[in-house]
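See below for the structure under consideration.
Side chains are part of it too, since the values below use all heavy atoms of this structure and drop only hydrogens, waters and symmetry mates.
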Amino acid sequence: KSRCLMTINLVHKETKKVLKVGDKVSDFRGDQGVITHMSPPKHSGSSGKVVLKYNDDDMGRELFATVINAEFVEVSDGR
């Protein structure tokens, strides 16, 4: 039996690039930060969240994925 597994990726809406922890991104203000954590949406009405660290002194700020122009997308592994 083969099962189709789903993976959830964080994807930038304009570039379609898959974003990962450690990637540098810009928020809607143009401020750059590094993704330190991702939380996919728990239900269909949510956009999910990311944590951005803006500088070395910053503990990180939890933001909705839409703030960095990104969305979580389910991807099948094709099995």
Side-chain angles (χ1 to χ4, degrees):
K1 272 188 202 179
S2 65
R3 276 185 10 200
C4 182
L5 299 174
M6 298 300 279
T7 301
I8 298 178
N9 289 334
L10 180 64
V11 178
H12 191 273
K13 290 181 182 181
E14 286 180 24
T15 65
K16 305 301 183 202
K17 177 184 179 219
V18 174
L19 300 172
K20 303 201 179 293
V21 169
D23 285 351
K24 188 179 265 191
V25 296
S26 295
D27 64 18
F28 71 96
R29 291 184 187 98
D31 297 332
Q32 289 204 330
V34 175
I35 298 172
T36 61
H37 184 77
M38 298 183 209
S39 299
K42 295 186 182 357
H43 54 81
S44 62
S46 174
S47 63
K49 295 184 178 179
V50 296
V51 176
L52 282 192
K53 186 172 180 174
Y54 286 93
N55 58 56
D56 291 339
D57 298 328
D58 188 10
M59 300 260 311
R61 296 181 209 162
E62 187 175 53
L63 308 166
F64 288 105
T66 54
V67 171
I68 61 167
N69 200 22
E71 63 186 345
F72 285 94
V73 178
E74 284 187 0
V75 181
S76 169
D77 71 354
R79 291 185 198 173

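- Atom NE2 in H37 sits 7.5 Å away from atom CD in E62 (nearest 0.5 Å).
- Within the model, atoms CD of E14 and NZ of K16 stand 9.0 Å from one another, a figure rounded to the nearest 0.5 Å.
- The hydrophobic clustering, which links ILVMFWY residues whose side-chain heavy atoms are closer than 4.5 Å, places V25 and I8 together.
- Shortest non-hydrogen contact noted between K20 and V18 is NZ-CG1, 3.9 Å.
- Residues satisfying the salt bridge (charged side-chain N to carboxylate O under 4.0 Å, His left out) test with K17, not counting sequence neighbours, are D23.
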K13 vs T66, side-chain contact (heavy atoms from CB on, under 4.5 Å): CA-CA, chis, key distance, verdict
CA-CA 9 Å; K13 290 181 182 181; T66 54; 4.1 Å; yes
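- Formation of a donor-acceptor pair under 3.5 Å by the N9 side chain with backbone atoms of V11 is not found in this model.
- Closest approach of L19 to M38, counting heavy atoms only: O-CE, 3.3 Å.
- Summarising the geometry, atom CG belonging to L10 is positioned 10.0 Å from atom OG belonging to S47; distances are rounded to the nearest 0.5 Å.
- Annotation: the span from K53 atom NZ to R61 atom CZ amounts to 12.0 Å, rounded to 0.5 Å.
- For D27, there are no salt bridge (charged side-chain N to carboxylate O under 4.0 Å, His left out) partners, not counting sequence neighbours.
- Closest of all the heavy-atom pairs between D58 and L52 is OD2-O, 3.9 Å.
- V73 and F64 are assigned to two separate hydrophobic clusters, defined by single-linkage of ILVMFWY side chains at heavy-atom distances under 4.5 Å.
- The heavy-atom pair separating Y54 from Q32 by the smallest distance is CD2-O, 3.3 Å.
- Note on V34 and V51: separate hydrophobic clusters, where clusters join Ile, Leu, Val, Met, Phe, Trp and Tyr whose side-chain heavy atoms are under 4.5 Å apart, directly or indirectly.
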